[in-house]
Peer 1: 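Okay, here's the structure, questions in a sec.
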Amino acid sequence: MTQLNPRQREAVRYIDGPLLVLAGAGSGKTSVITRKIAYLVEQCGIDAKRIAAVTFTNKAAREMKERVGKILGSGGDGLTVSTFHQLGLNIIRRERKHLGLKDGFSIFDGEDSKNLIKDLLIQEHGSDGDQAGTVQQRISNWKNDRVLPEEAVARATSPADILCAQAYLRYQRALRAYNALDFDDLILLPTILFEHQPDVLEKWQNQLHYLLVDEYQDTNSSQYLLVRQIVGLRGGLTVVGDDDQSIYAWRGAKPENLALLREDFPALKIVMLEQNYRSTSRILKAANTLIANNEHVFDKQLWSELGMGDPLRVMRCANEQDEADQVVAEIQDHRLRKRTRYGDYAILYRGNHQSRLIELALQQSGVPYHLSGGTSFFARNEVKDIMAYLRLLVNADDDNAFLRIANVPRRKLGASTLEALGEFANEQHCGLSTACERLSEGVMPEAGLKRLKQFHHWLESMRRLNETEAGVTGIRQLLRDIDYEDWLLQLSSSEEVAERRMSNVHFLVDSIDRLMRDEDITLKDAINRLILRDLLEQQDEEEAGPDCVQLMTLHASKGLEFPHVYIIGMEEGFLPHRVSVEEDNIAEERRLAYVGITRARQTLTMSLAEKRRQYGETVPCEPSRFLAELPEEDLVWQGGGEASPEANQERAAETLSGLKALFA
Ligand code: ATP
Ligand code: MG
């Protein structure tokens, strides 16, 4: 308790009713949650099993669990620290029967559901499927706002609306038929269940006595309802958040949700924190000045005792290559001069695609780095392929998995054969695998039918084999049967690439083996666990190495902190993003910039290019409007004009001085 300031202490100790900690970045909100969990267990005697904490990413959840574990030791056993989606999934898993889900249900990730929507649009609406993304977003919004398909259809008026609503209806029906859920269902279903079955809700309310929510400003309506339901009348709730860091409007989160809390919980106590323990005063002032341009539900000011610190730097670069080179050269130089670690640096950007040149520059300079949210293990094609086989082993009706691997490796199952199979499955109201079984002559040309039957028989034999064989022997047999290694060789640009891919496959199989032995579970359970991990950790990443420069999007940087931060692409079109400019959604972009700036502890550097290649053309770039909103007196502009040569000279001189300092 001694390390907390009086306000934080107050927030930790207040357990008489719902509590909101509302405070700006770096003021110790997450710290309050961690300490409060320990307080609840140690001082209030609440069993850790009865406490759940919800954070925004799997990474944050892991970190929080670790931190609490350090304070509580084994006293923290049974504590739930998870994302909203994981919490929802836990509930669904345990209440599966109430929800009418069959065992081994599958979960569609964003790509899966987009594919399904695309198929539906093509098959049923005669569209070319181009709008799949838009329709998917609409459906997701409906789900987050708790609008069911029938309601969406009833309400739709414009032709576009009607198309979306009907696709929603069909999509939901298809999910049901496939015994599958999508991400939004993970939240939506528990809330519907709790609404209709008070006894089930009561059970969960008795199970969870205290709920803590981090990054509250980013919860959407469905998630918020889930919170309200679980907390019920007991009022065991602490939420912490910052309306200025609400950056997920596109997923239904609104800063107003914070104000709503006050309406829904009249007894809500609010604690505001104002001291920032993260950043120097200059960085804070910049953040405060920038965000003052947004309208506010709550007013708050941040101050820090960490000294003025260095001015913020704006690096003007000739083009995107120059930007990448300069940022990397700077980091190397700075590290030498200040004797820091690579891990002290983060490079943040608005869109994933912006990382490519930086990555190359880092590679060329031999700087170790870690990219968050890139192609994670489970997003790799070979892993997805084999996961699809595994999904089929545990759920024969997983049609997406079926379609993914029907021709991996090639089995001469042409599009028309698969389409005919799909139509037949629709008529029969069954999955594709069951449809294969029921196929009889005349449904489709004989050659295709024969191949489908063959494929189906083989799948069935694999399923049986894996039920009887010990460990992962059956999976290894499956890999040999399909000669996956050879398939990878055919696909890959070189033998080396194929080998690397195959080693990912082996890693996957070994993980299953280990999971079965460590946890003493069946193959089916182990695969199911992996399926969940696959889905829930998709945005997550393998753990970063010990000392690497961190690369990530501004969105992914939420809640984190780094001594030295670079925000690249400070240009109109990037930050604010072009789409947000078109949609006049500048406030959200400003919050995103605020999130980025407030990640920095000691120094902040922002870079922009004067020209950039876009769609094969070189186009001039305009500095981000947000730069003009920062306090001029705290900014130092560097470079500019076609000034690359001078910038290079300057840089060379700086590097030299750095080297001199090092050997002084
Ligand atoms: P964000 O809004 O970015 O999520 P936050 O409000 O959750 O930030 P924390 O991450 O909890 O803030 O804390 C920011 C930093 O301040 C951390 O390094 C934390 O260890 C430190 N800190 C928090 N409270 C105190 C305190 N009372 N004394 C000293 N350091 C503190
Ligand atoms: Mg935090």
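Count residues from 1 along the sequence. For ligands, and for the atoms within them, numbers begin at 1 and follow the listed sequence.
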Peer 1: For ligand 1, which atoms, with element, lie under 4.0 Å from some heavy atom of G559?
Peer 2: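 Those atoms are 4 (O).
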
Peer 1: Below 4.0 angstrom from a heavy atom of R599, which ligand 1 atoms are there? Numbered from 1 as shown, please.
Peer 2: 3 (O)

Peer 1: Using a 4.0 Å cutoff against the non-hydrogen atoms of A25, which atoms of ligand 1 qualify?
Peer 2: 2 (O)

Peer 1: Would you call the rings of F56 and Y248 parallel, tilted or perpendicular, where under 30° means parallel and over 60° means perpendicular?
Peer 2: tilted

Peer 1: Look up atom CD in Q8 and atom CD in E10, then write down how far apart they are to the nearest 0.5 Å.
Peer 2: 11.0 Å

Peer 1: Which heavy atom of the protein is the closest neighbour of atom 29 (C) of ligand 1, given with residue, atom name and distance?
Peer 2: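 For atom 29 (C) of ligand 1, the nearest protein heavy atom comes out as Y277 CD2, 3.4 Å.
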
Peer 1: Mind checking whether L4 has an N or O less than 3.5 Å away from an N or O of ligand 1?
Peer 2: no

Peer 1: Around the Mg ion (ligand 2), list the protein N/O/S atoms within a radius below 2.8 Å, excluding water molecules.
Peer 2: T30 OG1

Peer 1: Quick test: of every protein heavy atom, which one is nearest to atom 18 (O) of ligand 1, and how far off is it to 0.1 Å?
Peer 2: E561 OE2, 2.5 Å

Peer 1: For N5, take its heavy atoms, then give the atoms of ligand 1 lying under 4.0 Å from any of them.
Peer 2: 27 (N)

Peer 1: For K300, does the NZ atom sit with more than 12 other heavy atoms under 6.0 Å from it, leaving out its own atoms?
Peer 2: yes

Peer 1: Checking the side chain of Q332 only, and the main-chain atoms of A329 only, is there a donor and an acceptor separated by less than 3.5 Å?
Peer 2: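 Checking the backbone N and O of A329 against the side chain of Q332, no donor-acceptor pair under 3.5 Å is found.
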
Peer 1: Nearest protein heavy-atom contact for atom 20 (O) of ligand 1: which residue, which atom, what distance?
Peer 2: S31 OG, 4.3 Å

Peer 1: Between Q136 (side chain) and S113 (backbone), is there a donor-acceptor pair under 3.5 Å?
Peer 2: no

Peer 1: Report the nearest protein non-hydrogen atom to atom 12 (O) of ligand 1: residue, atom name, distance rounded to 0.1 Å.
Peer 2: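 Result: G28 N, 3.0 Å.
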
Peer 1: Decide whether Y594 and N294 meet the rule of one side-chain donor and one side-chain acceptor closer than 3.5 Å.
Peer 2: no

Peer 1: Does R599 use its side chain to pair, donor to acceptor, with the backbone of L560 at less than 3.5 Å?
Peer 2: yes

Peer 1: Do the side chain of R234 and the main chain of H209 share a donor and acceptor less than 3.5 angstrom apart?
Peer 2: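 Side chain of R234 to backbone of H209: no pair is present.
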
Peer 1: Could R335 and Y342 be counted as a cation-pi pair, given that NZ or CZ must be under 6.0 Å from the ring centre and within 45° of the axis?
Peer 2: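 Yes - R335 lies over the ring of Y342, closer than 6.0 Å to its centre and within 45° of its axis.
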
Peer 1: Keeping the roles fixed (side chain from D218, backbone from I247), state whether a donor-acceptor pair exists under 3.5 Å.
Peer 2: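 Yes; judged by distance alone, with no hydrogens or angles, the pair exists.
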
Peer 1: Indicate whether any N or O donor in one side chain lies under 3.5 Å from an N or O acceptor in the other, for R13 and Y39.
Peer 2: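 Distance-only check fails for R13 and Y39.
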
Peer 1: Does the N or O separation between G26 and ligand 1 drop below 3.5 Å for any pair?
Peer 2: yes

Peer 1: Which residue supplies the protein heavy atom nearest to atom 10 (O) of ligand 1, what is that atom called, and how far is it?
Peer 2: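 Going atom by atom, the protein heavy atom closest to atom 10 (O) of ligand 1 ends up being R278 NH2, 3.2 Å.
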
Peer 1: Taking atom types as modelled, find out whether R146 and S222 have a side-chain donor-acceptor pair closer than 3.5 angstrom.
Peer 2: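 Note: R146 and S222 side chains miss the donor-acceptor criterion.
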
Peer 1: Students should be able to answer this: which protein heavy-atom is nearest to atom 24 (N) of ligand 1, and at what distance?
Peer 2: Q8 NE2, 3.1 Å

Peer 1: Which of the atoms in ligand 1, numbered in the order shown and given with their element, are less than 4.0 Å from a heavy-atom of Q3?
Peer 2: 26 (C), 27 (N), 28 (N)

Peer 1: Identify the protein heavy atom lying closest to atom 5 (P) of ligand 1, giving its residue, its atom name and the separation to 0.1 Å.
Peer 2: K29 N, 3.5 Å

